[in-house]
There are 2 protein chains.
Amino acid sequence: MNNYTNALREHHLKATPQRLEIANTLEYYGHINIDNLYEIMLKKFNSISLATIYKNINLMLENSFIQEVKIPHEKSVYELTKEAHSHLVCNKCGSIEDVSIDLPVVTHAVSNNSDFKIDKVDVVFSGVCKKCQSL
Amino acid sequence: MNNYTNALREHHLKATPQRLEIANTLEYYGHINIDNLYEIMLKKFNSISLATIYKNINLMLENSFIQEVKIPHEKSVYELTKEAHSHLVCNKCGSIEDVSIDLPVVTHAVSNNSDFKIDKVDVVFSGVCKKCQSL
DNA sequence: CTGGGTGCAAAGTATTTGCATGAAC
DNA sequence: GTTCATGCAAATACTTTGCACCCAG
């Protein structure tokens, strides 16, 4: 379990216990949605407010400390910001895995993109994870 | 302007005037979010309810007559179901273009995917469209 | 200390539901 | 005629805001 005090400060965020716990929770779970994060946070801070969760998530997004991942048919999940990658979502168990991706290759897989300046690409694969295949 | 009566029926949806207009609006605009769709529908049906829009969009999604597209930092937009493709989103003007994509190429751009069975991939490119580049 | 964060309550926004009426087939 | 859609109102769900108090720096 990392100490995120400096990381938060580098993103211009005061290192409150609630924020440290959000960071640790994101590290531990990898990806988590608002409701699950709130439930988990309640175990450590029995009077934490959902409003606090929302305010912090929004601030952390603005300061790029975390990223939002939009999953088809699901609520958005959040993850600590790290190097660019894409996601594998299992349709059976709902698990989400990170996977590194070769950006230039993806960029060249699209046709007619010569006149559109690509800054970023979000890729979400849906399918069945290894575990669920063997059930 | 297409007549979507049969297309709706093939998807087990009664062809009501409201649904036909939703189909035509999606055809015309390509991609549209709930609020804009409601505004446009109001011009043809001055007493249409937002509830009707939601109910129809949800039914059309369930029956795969339309698809939802999740755009980073934006409300979801909806489009008529067509062959697999990905999206180019302009960060300046917000326009959304379809672009065909070579699925196998994208699939092979990810590492470690040998043990995950990929069924589908959603790809959204963000950047600057041709028009906005020349402004 | 001081600025900003927290928790609560309330407000605001988004989406769904129940029901009576009306239209599609 | 029967089934299902529509529009309205109400309910529910989701997210943001205002404010008094408190804590990090």
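Letters A, B, ... are given to chains in the order of the sequence lines, protein chains preceding strands, and every chain is numbered from 1.
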Quick check: do B:K70 and B:D122 have side-chain heavy atoms less than 4.5 Å from each other?
no
Ignoring hydrogens and geometry, is there a side-chain-to-backbone donor-acceptor pair from B:N24 to B:L20 under 3.5 Å?
yes
Judged by atom type as modelled, is there a donor-acceptor pair below 3.5 Å linking the side chain of B:T52 to the main-chain atoms of B:I48?
no
Between C:dT6 (P) and A:K14 (NZ): distance, integer Å
9 Å
For A:V121, run the side chain to side chain contact (heavy atoms under 4.5 Å, CB included) check against A:T107, A:L103, A:V110 and tell me which one passes.
A:L103
So CD1 of B:I57 and CD of B:E68: to nearest 0.5 Å the spacing works out to 9.5 Å
Distance, rounded to the nearest Å, where B:L37 contributes CG and C:dT15 contributes P:
12 Å
Check for a donor-acceptor pair, side chain of B:T5 on one end and backbone N or O of B:A15 on the other, with a separation under 3.5 Å.
no
Are the side chains of B:K131 and B:C93 in contact, using a 4.5 Å heavy-atom criterion?
no
Residue list, side chain to side chain contact (heavy atoms under 4.5 Å, CB included) with A:D98, at least two apart or on another chain
A:H31, A:E79, A:K82, A:H85, A:H87
From the 5' end of DNA chain D to its 3' end, which nucleotides mark the outer limits of contact with chain A, defined by a 4.0 Å heavy-atom distance cut-off (strictly under)?
D:dC14 to D:dG25
Any heavy-atom pair between the side chains of B:V105 and A:V105 that's under 4.5 Å?
yes
Spell out, as yes or no, whether a donor-acceptor pair under 3.5 Å connects the side chain of B:N46 to the backbone of B:L42.
no
So, does B:N33 use its side chain to make a donor-acceptor pair with the main chain of B:D35 at under 3.5 Å?
yes
side-chain N/O A:T16 vs C:dT6 OP1/OP2, d < 4.0 Å
yes
Looking at A:D115, is its backbone amide N or carbonyl O close enough to the side chain of B:Q133 to form a donor-acceptor pair, meaning the two atoms are under 3.5 Å apart?
yes
Would a distance-only check, ignoring hydrogens and angles, find a side-chain to backbone donor-acceptor pair under 3.5 Å from A:N63 to A:F65?
no
Has B:K120 got a side-chain atom pairing as donor or acceptor with A:F125's backbone, closer than 3.5 angstrom?
no
Does any residue of residues 38-46 of chain B have a heavy atom under 4.0 Å from DNA chain D, and if so, which ones, in number order?
none
So, does A:R19 use its side chain to make a donor-acceptor pair with the main chain of A:L8 at under 3.5 Å?
no
Less than 4.0 angstrom between a side-chain N/O of B:N58 and OP1 or OP2 of C:dT16, yes or no?
yes
Need to verify one output field. Residue with the more 5' nearest nucleotide on DNA chain C, B:T5 or B:I34?
B:I34
Per the under-4.0 Å heavy-atom filter, residues of residues 18-29 of chain A near DNA chain C come out as A:Q18, A:R19
Take a 6.0 Å sphere around OH of A:Y28 and say whether it holds more than 12 heavy atoms from other residues, nucleotides or ligands.
no
Can you check nucleotides 8-14 of chain C for protein contacts, nitrogen or oxygen pairs under 3.5 Å, and list what you find?
| residue | atom | partner | partner atom | Å |
| --- | --- | --- | --- | --- |
| C:dC8 | OP2 | A:S47 | O | 3.0 |

Within less than 4.0 Å of OP1 or OP2 of C:dC25, is there a side-chain N or O belonging to B:R9?
yes
Give me the bend of the helix from C:dC1-D:dG25 to C:dC25-D:dG1, using the axes of the five pairs at each end, rounded to 10°.
50°
